[in-house]
Amino acid sequence: MNKKRLLAQVFAAILLYVVISLILEKEYSNEIIFREVLEGLVFGLLYGVFIWFREKSKNKKQ
């Protein structure tokens, strides 16, 4: 998997996490938006590591 595809998937995951979290929160103050964006970045980082590790292990098996 190339870097562009990985980054696009991570960015989409962050965006979806933030949007869905804000919809479920039903409150849109600056503190909550900032908190949700930070949580989204952490989620995106973990998701990116998971995708990268999965691709590396899949390539080793082949």
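Only this structure's heavy atoms are used, side chains among them; waters, hydrogens and symmetry mates stay out.
Looking only at side-chain heavy atoms (C-beta outward), Leu38 and Phe34 come within less than 4.5 Å of each other. Here the side chains of Leu7 and Lys4 are not in contact, with every heavy-atom distance at 4.5 Å or above.
The stretch residues 35-44 participates, sequence neighbours left out, in these salt bridge (Lys or Arg N to Asp or Glu O under 4.0 Å) pairs: Glu25-Arg35, Arg35-Glu39. Evaluation of the ring pair (Phe, Tyr, Trp, His ring centres under 6.0 Å) test over residues 2-26, restricted to residues two or more places apart or in two chains, returns Tyr17-Phe43.
Transitive grouping of hydrophobic side chains (ILVMFWY, heavy atoms separated by less than 4.5 Å) brings Leu41 and Val10 into a common cluster.
Nearest heavy atoms, Ile23 versus Tyr28: CA-OH, 4.3 Å. Nearest heavy-atom pair across Ile51 and Gln9 is CD1-OE1, 3.3 Å.
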Show your reasoning for whether side-chain contact (heavy atoms from CB on, under 4.5 Å) applies to Ile33 and Val18. CA-CA 8 Å; Ile33 292 172; Val18 171; over 6 Å; no
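Remark: Phe50 CZ to Leu45 CG distance equals 14.0 Å, nearest 0.5 Å.
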